Amino acid sequence: MASSDKLPTRAENFSEWYVELIQRAKLADYSDVKGCMVIRPNGYAIWENMQRVLDGMFKETGHVNAYFPLLIPEEYLEREKDHVEGFKPQLAVVGYAGGAPLEKGQRYVIRPTSETIINRSFAKWIQSYRDLPMLMNQWANVMRWEMRTRLFLRTTEFLWQEGHTCHETDEQAQEETLRMLDVYRTFAEDYMAMPVLCGQKTESEKFPGAVRTYSIEAMMQDKKALQAGTSHHLGQNFAKMFDTQFQGRDGKQHHAWQTSWGVSTRLIGALILTHSDDAGLVVPPKLADRQVVIIVVGKGDERTKAKEKAFALAADFKTAGLRVSVDDDESKNPGFKYAEYELQGICLRIELGPKDLEKGTCVMVRRDAERDPAGKPKKEFVPLDQAVAHAQSTLDAMQKSLLEKAKAFRAANTFEVNSYDEMKKRADDGFLLAHWNGDAKVEKQIKEETGLTTRNRPFDLKQEPGKCVVTGDPSPGRIVFSKAY
RNA sequence: CGGGGAGUGGCUCAGCCUGGUAGAGCACUUGGUUCGGGACCAAGGGGUCGCAGGUUCAAAUCCUGUCUCCCCGACCA
């Protein structure tokens, strides 16, 4: 088969590699609706695994799921000044329904996020401090009109979860905001094998209507940053606009302190951009839809025997809790299948053929195995009776190794910069840790002149005073600058 | 939204300049031979040429508009 069947390499054209990989691995497809995508079974399966894990984590931290309407009265959004200002350019509005135009005041926006409509309900449900905290989450689709879209990373409609909580005090809301940020960090690192920087966003980068916004920021393989999740302390901003009040322990009425937090199908984009290679998709075992595929090799009687073994082996894998399938399709050559399963990101490939039957072994190939100069990955010959145990330990090792590799990559592409010149020179080099005086105008100037934006001020970055790289003004500590998605 | 590129069977593209009844490779279907890194032979199926107007006896081809995708910017998860 010709080279046209290969993906463009990351070095050749990173964007094209990304787009083609998604389509060839059958993760998603374009639709006829501008800016919207179809998530195909291979992609949706990853999302389902993410949902399952995250939902479990939300439940463990005391949250319950609910569902609120897709359509929000236009007027609700207008109540919170920053909120409407922030979202106005991205709204899709329903202005025609039931066969007739809707008057202003009757129109609906398709939710870009649900703080407003959820507060209408919270206001009814909360009377006393005894009703608090109220810890809720919804899995939903949202719509934000975008100028430029990219599969998974930015689409007009996307799937996400949005957590919304109410608390008695500022401190409790703050705790919740950070607790959920930490849940996101755990998920990113332990499941996605994607290291993230947890920290606070600047004023200009915060959520419209929030008091403070925190984010997890990851570094993609092209060294650009990706905001992978956000957690907001909303203060009493929405509570005041929607009268979300409770009678406190002091007998007086108080507005609730609120938080909201979300991650979206963008995480799938993050996963791809973090781990995948020139052969195709790489998915960490914990999130992979199919962890193991057993490919039957051979012909005639030998093939029949290999097939029997393969199904027996698959049954053992299933018993051990692994997600496995057998491929005994005779119309495709093994070589084709190897390439195809690499493209689709199956974590572990097992080859089972005549030579194995003779020796009582099978061949195992890790998706992230080292490759020789010809591009062939390293193969392991494993006795059949050790196959399950070996596969399990291999998948564990792969999960760890992906995280380590991503960590090393980030470390190798993170730099302290001490002058504006240096910052300009290194603009495309990754994460730049620089002093900045905190002035939004300077932040904007840097963005316009270099394309660099502030990502966040990481909690674990030691804050030592210094001088702003642009103005020379005092700076409380370094903040992360980077080009970003 | 600005600059650049592209839309022709599922995919990659030729044909367009110079209008005349739509092609190739891959993929797909069937049969056979193969099978440990993208197999081969044979026979088949599949396209209102992105969409809408216009010019013309005649439009994939010329003109106008429009939509979508890709790349580079501005806005954003």
Side-chain angles (χ1 to χ4, degrees), chain A residues 1-8 13-16 18-20 23-24 26 29-37 86-90 112-113 142-162 201 204-205 207-208 213 215-218 225-232 261-270 279-280 295-300 302-303 306 328-343 349-358 361-363 365 371-372 374-377 379 381 444 447-448 451 453 483-485:
Chain A
M1 208 142 327
S3 59
S4 64
D5 287 313
K6 291 204 170 114
L7 280 173
N13 188 336
F14 197 81
S15 304
E16 222 171 279
Y18 175 75
V19 168
E20 273 216 34
Q23 294 185 89
R24 301 264 299 270
K26 299 187 171 73
D29 200 1
Y30 291 106
S31 79
D32 291 335
V33 183
K34 184 183 168 67
C36 294
M37 64 190 280
F87 279 111
K88 202 155 209 171
Q90 293 189 278
T113 180
V142 286
M143 184 163 271
R144 299 181 185 176
W145 220 254
E146 297 287 352
M147 289 174 180
R148 188 178 162 190
T149 55
R150 274 166 160 278
L151 293 171
F152 287 116
L153 298 173
R154 176 163 299 105
T155 46
T156 296
E157 181 187 9
F158 57 94
L159 306 181
W160 78 344
Q161 62 61 221
E162 43 181 326
K201 299 293 261 187
S204 53
E205 294 275 339
F207 177 76
T213 289
S215 69
I216 53 170
E217 302 277 339
L226 183 86
Q227 179 174 304
T230 48
S231 186
H232 318 290
W261 27 274
V263 295
S264 71
T265 36
R266 170 179 256 202
L267 289 180
I268 298 172
I295 298 173
V296 178
V297 178
K299 57 171 178 173
E302 284 178 327
R303 188 186 184 91
D328 68 333
D329 180 358
E330 294 193 40
S331 71
K332 301 262 191 317
N333 274 1
F336 178 87
K337 295 177 184 177
Y338 301 164
E340 191 61 23
Y341 288 123
E342 282 169 11
L343 179 64
R349 172 175 91 232
I350 294 178
E351 303 166 19
L352 197 56
K355 291 182 206 165
D356 298 300
L357 292 179
E358 247 173 59
T361 58
C362 63
V363 174
V365 185
R371 285 168 189 263
D372 66 20
K376 289 183 192 165
K379 298 191 174 188
F381 300 87
K444 199 175 165 201
K447 185 176 174 182
E448 280 166 5
T453 51
K483 297 248 174 110
Y485 275 99

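So you know, we letter chains A, B, ... as the sequences are listed, proteins then strands, and number each from 1. Remember, it's a predicted structure, so these values are computed and weren't measured experimentally.
In this structure, the CD1 atom of A:Ile295 is 11 Å from the P atom of B:G36, given to the nearest Å. Summarising the geometry, the separation between CD on A:Glu340 and P on B:G38 is reported as 14 Å, rounded to the nearest angstrom.
Applying the ring pair (Phe, Tyr, Trp, His ring centres under 6.0 Å) criterion to A:Tyr30, with sequence neighbours excluded, gives no partner residue. Remark: A:Arg144 pairs with no residue by the side-chain hydrogen bond (donor to acceptor under 3.5 Å, both in side chains) rule, at least two apart or across chains. Evaluation of the side chain to side chain contact (heavy atoms under 4.5 Å, CB included) rule for A:Thr453 yields A:Glu205, A:Lys447, A:Arg455, A:Ala484 as partners, not counting sequence neighbours. Listed by chain and number, the residues in a side chain to side chain contact (heavy atoms under 4.5 Å, CB included) with A:Thr156 are A:Cys36, A:Met143, A:Trp145, A:Thr149 (sequence neighbours excluded). Residues meeting the side chain to side chain contact (heavy atoms under 4.5 Å, CB included) test with A:Lys337, sequence neighbours left out: A:Ile295, A:Arg303, A:Asp327, A:Asp329, A:Lys332, A:Tyr341. Applying the side chain to side chain contact (heavy atoms under 4.5 Å, CB included) criterion to A:Pro354, with sequence neighbours excluded, gives A:Glu302. Legend: residues meeting ring pair (Phe, Tyr, Trp, His ring centres under 6.0 Å) with A:Phe14, ordered by chain and number and at least two apart, are A:Trp17.
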Could you list all N or O pairs between the protein and nucleotides 28-32 of chain B that sit under 3.5 Å apart?
unit_1 : atom_1 : unit_2   : atom_2 : d
B:C28  : OP1    : A:Lys332 : NZ     : 3.4

Polar atoms only, N or O, under 3.5 Å: list the protein pairs with nucleotides 66-69 of chain B and their distances.
unit_1 : atom_1 : unit_2  : atom_2 : d
B:C69  : OP1    : A:Gly35 : N      : 3.3
B:C69  : O3'    : A:Tyr30 : OH     : 3.1

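Ring-centre distance between A:Phe152 and A:Tyr485: not below the 6.0 Å cut-off.
The phosphate of B:G36 (OP1 or OP2) has no side-chain N or O of A:Lys337 nearer than 4.0 angstrom. The shortest distance between the side-chain N/O atoms of A:Asn333 and the OP1/OP2 oxygens of B:C35 is not below 4.0 Å.
Within the 4.0 angstrom heavy-atom criterion, base atoms lie near A:Glu330. Nucleic acid contact for A:Glu351: base, since at least one base atom lies under 4.0 Å from a heavy atom of the residue.
B:G54 and B:G31 have their P atoms separated by 49 Å, given to the nearest Å.
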